[in-house]
Amino acid sequence: MKWTQYFIPTQKEAPADAVVPSHQLMIRAGLIRQVVAGAYSYLPLGYRSLRKIEAIVREEMDAAGALELNMPAMHPIELWEQTGRVEAMGDVLVRLGGGSGDDWRSRVVLGPTHEEVITEHARAFVNSYKQLPLTFYQIQTKFRGEARPKSGVLRTREFLMKDAYSFHLAKEEAGGLDETYERMYGAYSTIFGRCGLPYVPVEAESGPIGGDASHEFMVPTDAGEDYLVRAEDGEYRANLERAEVAPLDDKGDGTDQAMAEVHTPGLGTIDEVSNFLKCEPCRMIKTIIYESEGEPIVALVRGDHAVNESKFARAAGVPFVEPASPELITKLTKADVGFAGPVALDARVIADQAVTVMHDAVTGANKTDHHLTGVNPGRDFEIKSSADIRMAVEGDRAPNGSPLVFEKCIEVGHVFKLGTKYSSAMEATCLDQNGRPQPFIMGCYGIGLNRIMAAAIESFHDDRGICWPMAIAPFQAVICALDMREETVVKVAGEVHDQLVAAGVDVLLDDRDARPGFKFKDAELVGFPIRITVGKRGLAEGIAEIQNRRTGDVQKVAPDAVADIVAKMVEDAIREERT
RNA sequence: CGGGGCGUGGCGCAGUCCGGUAGCGCACCUGCUUUGGGAGCAGGAAGUCGCAGGUUCGAAUCCUGUCGCCCCGACCA
């Protein structure tokens with residue numbers, strides 16, 4: 001392919017709107033163009049890269065035994081009503097709307113994910129355990145009404161996703177969910193590895209479904225909006241929602257103060273009380289009242305800690321918790337919201353472990369406009385139940401005692417054991433060995449293809465431009481033909497190009513009539529992993545140059561030798577980049 | 001949805017406070033020169049200043065409304 005016949009609108013300057021490196025570079029390198037907030041066109045060069053990512057995903061999913069199909073973006077809203085997700089998704093579910101109430105548009109939504117549709121298909125066609133296990137996947141455009149798209153293609157309203165769904169009647173047994181989950185986990189590792197990403201699989205929060213049934217694949221980068229937490233010794237890692245912390249030591253720093261009531265008029269938040277009483281938030285006990293199925297459950301955490309509702313619900317043994325209504329809080333504490341405390345509180349209370357080692361603490365007094373000081377857990381209120389129910393923070397240690405470190409990251413993939421959530425709701429059943437209908441046990445597995453591309457750029461760029469991993473670079477190599485008016489340069493560059501193509505290298509010949517510096521800058525901006533320089537000066541010595549974009553290493557070789565060497569470099573790079 | 005910022009050729013910006021009929025750099029077109037790190041000179045094309053009202057002899061500029069985009073936060077199967 002010749003540059004003059006291709007289409008690469010590079011720009012010297014990035015738009016002021018673009019903030020993160022991948023966004024700036026994707027625009028500057030002519031990979032994408034924004035159409036509206038949260039939706040981008042992929043220009044030919046960008047689409048080439050996306051297609052390479054797609055090919056890798058497809059190969060590995062096929063190899064893992066998943067069957068490719070294609071489902072529509074348009075779904076009847078009835079399917080979403082069956083699983084109760086019209087409410088659950090809220091504004092994220094993109095409705096076509098328009099027209100009158102009985103217009104077909106008001107009954108159609110654009111799919112943000114496809115559990116409902118695929119479960120309908122399984123319900124329709126899969127009748128016997130003998131057909132199982134089954135895994136379907138597709139690579140398809142998703143629509144989500146994100147409140148705030150951001151960071152270029154990292155968070156958009158329309159994006160390309162590989163979503164897979166597996167169907168089983170068994171869990172641990174052969175052919176069960178666990179087996180497929182493991183296989184998908186392996187396929188994901190291979191996919192992100194082949195794409196050259198420094199990915200980290202982490203335990204993720206699985207929400208109301210419970211269990212250790214979810215992993216996310218993260219790529220560390222400042223542009224990300226998630227956090228991954230890992231132990232310094234590398235023995236433990238999880239996402240922020242999931243991260244467990246080791247119990248804190250009892251510093252024994254109490255003086256066994258007497259409990260006293262203080263007047264704190266109108267001061268209902270930790271910050272307000274902390275300022276008023278000149279008391280560090282870490283010396284306060286935060287009393288947060290939740291409810292589950294109408295019953296109040298109270299969480300106690302240190303003032304500078306936050307309740308992790310998933311951990312809390314798990315500790316409480318309930319599917320999920322929600323913040324209690326102000327009415328319930330008032331009824332329980334006999335005080336306005338903001339003055340709850342554990343002393344003499346008649347409710348089920350779970351204290352975070354960190355609270356159990358506090359001394360002389362400040363808490364709400366269960367009396368409007370009053371707090372208590374000198375509160376000592378165990379002495380002033382009984383701790384019937386304690387657990388790790390808070391979010392990890394800097395300074396915490398992993399369960400094995402190793403310090404936790406926090407890293408910003410992008411989620412590029414997620415594997416999830418769904419269980420029977422959707423099959424039960426949609427009455428999608430299958431006959432087991434005993435001829436009894438059982439709801440499918442399902443797994444789902446997603447990858448954001450656009451995010452792979454952006455994450456690769458976030459991970460691999462410098463001040464000059466992108467440094468693509470070989471496997472997903474739009475072109476593996478570029479030939480900079482210096483001085484297109486020189487016949488020998490044109491001739492040799494053309495020959496090198498043809499030999500590279502014959503050797504199976506994906507190469508672009510920069511045949512523009514431009515000055516050398518101009519071509520080099522563009523080559524570095526676009527980030528071709530290998531640059532071959534064919535110029536009058538080199539040819540006079542009988543050589544062409546081969547340069548590695550990442551290392552900058554240069555080899556000078558005879559033009560005839562370029563194709564073999566570069567083909568080998570491409571092969572080696574694809575193997576070595578694999579993480 | 002709350003807070004903030006910004007809309008002027010493809011991109012980056014000035015001009016807005018103080019109203020007088022739109023300018024600079026990059027990119028683009030033509031010609032000549034130049035060719036190993038984003039060339040030089042000359043000529044040229046391209047913007048109803050986001051949109052709609054209003055004030056005024058006159059609006060990019062003032063007023064009102066509206067739309068869009070970006071950032072922070074809330075939210076995120």
Side-chain angles (χ1 to χ4, degrees), chain A residues 8-20 23-24 27-30 33-40 43 80 83-94 109 111-116 119 142-152 154-157 159 161 163 165 204-209 214 216 223 225-226 239-241 411 414-416 418 421-422 425 442 444-446 448 464-465 480-486 489-490 510 512-526 531-541 543-545 547 552 554 556:
Chain A
I8 309 178
T10 59
Q11 287 173 202
K12 220 166 171 175
E13 289 174 291
D17 282 350
V19 177
V20 301
H23 189 199
Q24 293 173 341
I27 290 173
R28 288 190 54 211
R33 171 140 180 110
Q34 185 179 51
V35 178
V36 287
Y40 289 82
L43 303 179
W80 290 81
T83 57
R85 284 170 109 195
V86 175
E87 293 76 30
M89 301 284 295
D91 289 339
V92 172
L93 193 60
V94 177
V109 304
T113 176
H114 283 237
E115 282 84 2
E116 280 79 358
T119 303
K142 297 285 185 276
F143 297 86
R144 293 185 189 183
E146 293 290 353
R148 187 152 95 80
K150 57 180 286 198
S151 306
L154 282 176
R155 187 172 195 76
T156 54
R157 294 191 174 132
F159 57 96
M161 180 169 168
D163 46 326
Y165 308 90
E205 191 45 64
S206 45
I209 296 139
S214 171
E216 288 172 344
E225 7 175 30
D226 293 319
N239 76 2
L240 183 57
E241 286 70 39
E411 177 191 347
H414 196 170
V415 293
F416 203 110
L418 287 175
K421 176 175 175 175
Y422 296 95
M442 296 171 57
C444 73
Y445 319 92
R464 296 178 168 192
C480 288
L482 305 188
D483 201 341
M484 287 300 291
R485 297 174 317 179
E486 285 290 330
V489 169
V490 173
D510 188 350
R512 293 174 296 176
D513 181 20
R515 297 165 64 88
F518 190 84
K519 293 190 174 193
F520 292 152
K521 292 288 185 193
D522 264 356
E524 281 155 357
L525 173 59
V526 172
R531 185 182 89 198
I532 297 136
T533 306
V534 175
K536 185 169 55 172
R537 193 181 292 179
L539 290 181
E541 301 168 30
I543 57 115
E545 286 157 45
Q547 183 166 28
V554 178
K556 298 187 177 186

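Below, chain A is the first sequence line, B the second, and so on; all start at residue 1.
- Taking the centre and axis of the six-membered ring of A/F143, the NZ or CZ atom of A/R157 falls outside the cone set by 45° and 6.0 Å.
- Closest contact between the side chain of A/E13 and the listed nucleotides B/A77, B/U35, B/C11 involves B/C11.
- If you take CG of A/D513 and C1' of B/U33, they are 13 Å apart, rounded to a whole angstrom.
- Listed candidates were B/C69, B/U35, B/G36. Nearest to the side chain of A/D483 is B/U35.
- From A/L240, atom CG reaches atom CG of A/D226 across 9.0 Å, with rounding to the nearest 0.5 Å.
- The P atoms of B/A39 and B/C18 are separated by 44 Å, rounded to the nearest whole Å.
- Nucleotides B/U33 and B/G20 are separated by 46 Å at their P atoms, to the nearest Å.
- B/C49 and B/A22 have their C1' atoms separated by 8 Å, with the value rounded to a whole Å.
- In this structure, NZ on A/K556 lies 11.0 Å from CD on A/Q547, to the nearest 0.5 angstrom.
- Using a 4.0 Å heavy-atom distance criterion, A/A14 is classed as a sugar-phosphate-only contact.
- Minimum heavy-atom separation, A/I27 to A/P15: CG2-CD, 3.6 Å.
- The distance from atom CG of A/D17 to atom P of B/C71 is 7 Å, rounded to the nearest whole Å.
- Across all strands shown, the partner of B/C24 is B/G12, judged by Watson-Crick or G-U wobble contacts whose two distances both fall under 3.5 Å.
- Counting to the nearest Å, the C1' atom of B/C1 and the CG atom of A/D91 are 9 Å from each other.
- Among the nucleotides B/G12, B/G38, B/U34, the one closest to the side chain of A/A16 is B/G12.
- Across all strands shown, B/U61 forms no Watson-Crick or G-U wobble pair with both key distances under 3.5 Å.
- The side chain of A/P516 has B/G36 as its nearest neighbour among B/G36, B/C69, B/U34.
- A/G538 comes within 4.0 angstrom of a nucleotide base, judged by non-hydrogen atoms across all strands.
- Nucleotide B/G36 forms a pair with no other nucleotide shown, judged by Watson-Crick or G-U wobble geometry with both contacts under 3.5 Å.
- Residue whose closest nucleotide on RNA chain B sits further toward the 5' end, between A/R485 and A/F518: A/R485.
- For A/F520, taking side-chain heavy atoms from C-beta onward, the closest of the listed nucleotides B/G36, B/C69, B/C72 is B/G36.
- Contacts of A/T83 with the nucleic acid, taken as non-hydrogen atoms under 4.0 Å apart, are absent.
- Separating the CZ atom of A/R144 from the C1' atom of B/C75 is a distance of 14 Å, rounded to the nearest angstrom.
- Contact between A/A223 and A/S151 at its shortest, heavy atoms only, is O-OG, 4.4 Å.
- B/G50 and B/C32 are spaced 40 Å apart, taking the P atom of each and rounding to whole Å.
- Searching all strands for a Watson-Crick or G-U wobble partner of B/G7 with both distances below 3.5 Å returns B/C67.
- Residue-to-nucleotide contacts include a donor-acceptor pair under 3.5 Å from the side chain of A/E545 to the base of B/G36.
- Looking at which nucleotide of RNA chain B each of A/R157 and A/M161 is closest to, the 5′-most match is held by A/R157.
- Pair assignment for B/C41 gives B/G31, based on Watson-Crick or G-U wobble hydrogen-bonding distances that are each under 3.5 Å.
- Between A/K421 and B/A77 there is no side-chain polar atom (N or O) within less than 4.0 angstrom of OP1 or OP2.
- Note on A/D522: a base of the nucleic acid sits closer than 4.0 angstrom, heavy atoms only.
- Atom name P, nucleotides B/U61 and B/U55: the rounded distance is 15 Å, in whole Å.
- Residue A/A147 is classed as a base contact, given a heavy-atom separation below 4.0 Å to a base.
- Side-chain atoms of A/Q34 lie closest to B/C70 of the nucleotides B/A77, B/G12, B/C70.
- A distance-only check finds no donor-acceptor pair linking the side chain of A/K536 to the backbone of A/V489 [under 3.5 Å].
- At B/C72, one or more side-chain N or O atoms of A/R148 fall inside 4.0 Å of OP1 or OP2 (strictly under the cut-off).
- Put simply, CH2 on A/W80 is 12 Å from P on B/A77, counting in whole angstrom units.
- For A/R515 and B/A39, the shortest distance from a side-chain N or O to OP1 or OP2 is below 4.0 Å.
- Pair check for B/C49 finds none; no Watson-Crick or G-U wobble contact set falls under 3.5 Å.
- For the pair A/L525 and A/R28, the tightest heavy-atom approach, listed with the atom from each and the gap, is CD2-O, 3.4 Å.
- Listed for the A/K142 side chain is no donor-acceptor partner under 3.5 Å among the backbone atoms of A/G448.
- Counting any heavy atom pair closer than 4.0 Å across all strands shown, A/P112 reaches no nucleic acid atom.
- On the P atoms, B/G19 is 9 Å away from B/C62, given to the nearest whole Å.
- Note on A/K150: only backbone sugar-phosphate atoms sit closer than 4.0 angstrom, heavy atoms only; bases stay farther off.
- Comparing the same atom, C1', in B/C6 and in B/C11 gives a spacing of 16 Å after rounding to whole Å.
- Taking atom CZ of residue A/R512 and atom C1' of nucleotide B/C28, one finds them 14 Å apart after rounding to whole Å.
- Between the CG atom of A/D513 and the CZ atom of A/F518 there is a distance of 11.0 Å, given to the nearest 0.5 Å.
- To the nearest angstrom, C1' of B/U35 lies 13 Å from CE of A/M484.
- Checking B/C70, B/G10, B/A77 against the side-chain heavy atoms of A/Q11 singles out B/G10 as nearest.
- Across the strands present, B/G2 finds its partner in B/C72; the criterion is a Watson-Crick or G-U wobble pair with both atom distances under 3.5 angstrom.
- Within 4.0 Å (heavy atoms only), A/R531 reaches at least one base atom of the nucleic acid.
- Comparing B/U21 with B/G10, their C1' atoms sit 25 Å apart, to the nearest whole Å.
- The separation between A/H23 atom NE2 and B/C69 atom P is 13 Å, rounded to whole Å.
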